Number of protein chains: 2
Amino acid sequence: MAQEPVKIPQATARRLPLYYRFLNNLHSQGKQRVSSAELSEAVKVDSATIRRDFSYFGALGKKGYGYNVNYLLGFFRKTLDQDELTKVALIGVGNLGTAFLNYNFLKNNNTKIEIGFDVDESKVGTTIGDVPIYHMDELQEKLVEQGITVAILTVPAPVAQPITDSLVEANIKGLLNFTPARLNVPKTIRVHHIDLAVELQSFVYFLKHYPITEKELI
Amino acid sequence: MAQEPVKIPQATARRLPLYYRFLNNLHSQGKQRVSSAELSEAVKVDSATIRRDFSYFGALGKKGYGYNVNYLLGFFRKTLDQDELTKVALIGVGNLGTAFLNYNFLKNNNTKIEIGFDVDESKVGTTIGDVPIYHMDELQEKLVEQGITVAILTVPAPVAQPITDSLVEANIKGLLNFTPARLNVPKTIRVHHIDLAVELQSFVYFLKHYPITEKELI
DNA sequence: AAATCTTTGTGATATAGTTAACAAAACGTC
DNA sequence: GACGTTTTGTTAACTATATCACAAAGATTT
């Protein structure tokens, strides 16, 4: 697996998929070149931040010209491992889970939800947006069989920890947790936490307590 | 509206709803006191960070004892404006939107989704999880009428910008955007962006490129 | 081909967030 | 009530991120 010469900052890594998507848009619009200022307008990230982000990968642009869309796109395709498919399992096919299944990640990217699990017998055996749904009892067997090591957890909070324990046994490496539970896992497993309730609540807190400042209005 | 004596850091503000939820858990378990170390274990936030976060609000704990659960809970209830209900509109009642509707935010908090909008005639006129669904055509009228100034945007990407323009006209103040579109809004409006595809993609990038370090394993 | 314009890449600086470490305070026990 | 223990609150150090500002390079125009 090709590794960047220098570790890029996490904040930069988080913006890469965003850049990649917008470069795709530009490409399909037939645009040949783009400046950091234009890109900034589109993705709402400061242009200096964009230039700095790109610079971690070397000198990708040309002074007085900007960036060549095709070249940049090709570069990011390689960098984001567009050629190596990452298979993901979706655990829990409720409303949130179904939202994921209907999102066609493959369009821009090689991350693919390969399989879903639920306890609801009316869902087991069906396919949703091309993804087959199995019973939760088959979790370990199927994951091991298909060598899947990344999972999205969208189950009810009370069963989050027991199901996580089962995922750990199935040798999972990364877990994107959408439940409110804070999961206990061995240290070798990466868990990323997105809590919709917390997101909404802290957003509301922000609105109330952080009025927009003079500086922001300029 | 009561304002904190000192502006607390954004990072702290984002953790408050999390603390609040866990304090509620402790309270319903009948726990009287808790130390920053215990809380750290539960919410997976460094104990020094927790103590620092709490300290922005004054000396809430007692040395050699920890924090009194009831007192802390009461304090946070006030601080997070638990008593002043914030009404939120949900724009787009697809799978993701429905996931929000079925989430009972009121349980721990006074943020409430009051109304939903969709173009699907089979949804218009129904209620989902207690929330009435109206047609998108009635957006401006209903929002102004009910004085709602916060919206969650869960519509298909191509209609995100036109609907946003309509929300701006309806005098919205904050927008929690779950679509991949980067929205253009006047500077006086706060937009917070959560892009599920980007979250998944950057998580996968992390797993591939940021192996767990020695330090993290200790 | 000279002059002007554009835009990168980056040093320097500013801002934000985390964590180690420990004195001081209060607890709990004997 | 003296003494060892616990745990806070905070100073200082560290780490991470964002942004300013500008020289240098190259593009574009005349």
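A, B, ... follow the sequence lines: proteins, then strands. Residue 1 opens every chain. Since the structure is predicted, the reported quantities are computational estimates derived from the model, not experimental observations.
- Nearest to the side-chain atoms of A:Arg51 among the listed nucleotides D:dC22, D:dG9, D:dT17 stands D:dC22.
- Centroid-to-centroid, the aromatic rings of B:Tyr205 and A:Tyr20 stay 6.0 Å apart or farther.
- If you take OH of A:Tyr210 and P of C:dA16, they are 11 Å apart, rounded to a whole angstrom.
- At least one side-chain nitrogen or oxygen of B:Thr49 sits closer than 4.0 Å to the OP1 or OP2 atom of C:dT19.
- Between the P atom of C:dT7 and the CG atom of A:Leu60 lies a distance of 17 Å, rounded to the nearest Å.
- One interatomic measurement links the two molecules: CD1 of B:Ile8 to C1' of D:dT10, which rounds to 17 Å at whole-angstrom precision.
- Between the side chain of A:Arg52 and the base of D:dT19, a donor-acceptor pair under 3.5 Å is found.
- When ring centroids are compared, B:Phe76 and B:Tyr71 stay outside the 6.0 Å threshold.
- Remark: B:Lys31 engages B:Glu38 in a salt bridge (charged side-chain N to carboxylate O under 4.0 Å, His left out) (not counting sequence neighbours).
- Residue B:Ser36 is in sugar-phosphate contact alone, with no base atom involved, counting any heavy-atom pair closer than 4.0 Å across all strands shown.
- Counting distance only, with no hydrogens placed and no angle test, the side-chain atoms of B:Arg14 and the base atoms of C:dG17 include no donor-acceptor pair under 3.5 Å.
- The CG atom of A:Asp53 sits 14 Å away from the C1' atom of C:dT8 (whole-angstrom rounding).
- Atom-to-atom, NZ of B:Lys44 to C1' of C:dT18 comes out at 19 Å; the value is rounded to the nearest Å.
- Within the 3.5 Å criterion, the main-chain N or O of B:Tyr210 finds a donor-acceptor partner in the side chain of A:Arg190.
- Separating the CD atom of A:Glu38 from the P atom of C:dT6 is a distance of 13 Å, rounded to the nearest angstrom.
- Between the P atom of D:dT8 and the CG atom of B:Leu72 lies a distance of 11 Å, rounded to the nearest Å.
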For nucleotides 25-30 of chain C, just jot down a letter per nucleotide in 5' to 3' order: B, S or -, based on protein non-hydrogen atoms under 4.0 Å.
-> BSSS--

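- In this structure, the nucleotide among D:dC20, C:dT8, D:dG9 sitting nearest to the side chain of A:Tyr67 is C:dT8.
- Between B:Asn70 and B:Asn68, the shortest heavy-atom distance links the atoms N-OD1, 3.0 Å.
- We find that CZ of A:Phe57 is positioned 17 Å from C1' of C:dT10, with the value rounded to whole Å.
- Each of B:Gly58 and A:Asp46 was assigned the nucleotide of DNA chain D with the nearest heavy atom; the assignment lying further toward the 5' end belongs to B:Gly58.
- Of the residues A:Ile91, A:Ile113, A:Leu175, A:Ile194, the one that meets the side chain to side chain contact (heavy atoms under 4.5 Å, CB included) test with A:Ile152 is A:Ile113.
- With 3.5 Å as the limit, one finds no donor-acceptor pair spanning the side chains of B:Thr149 and B:Lys87.
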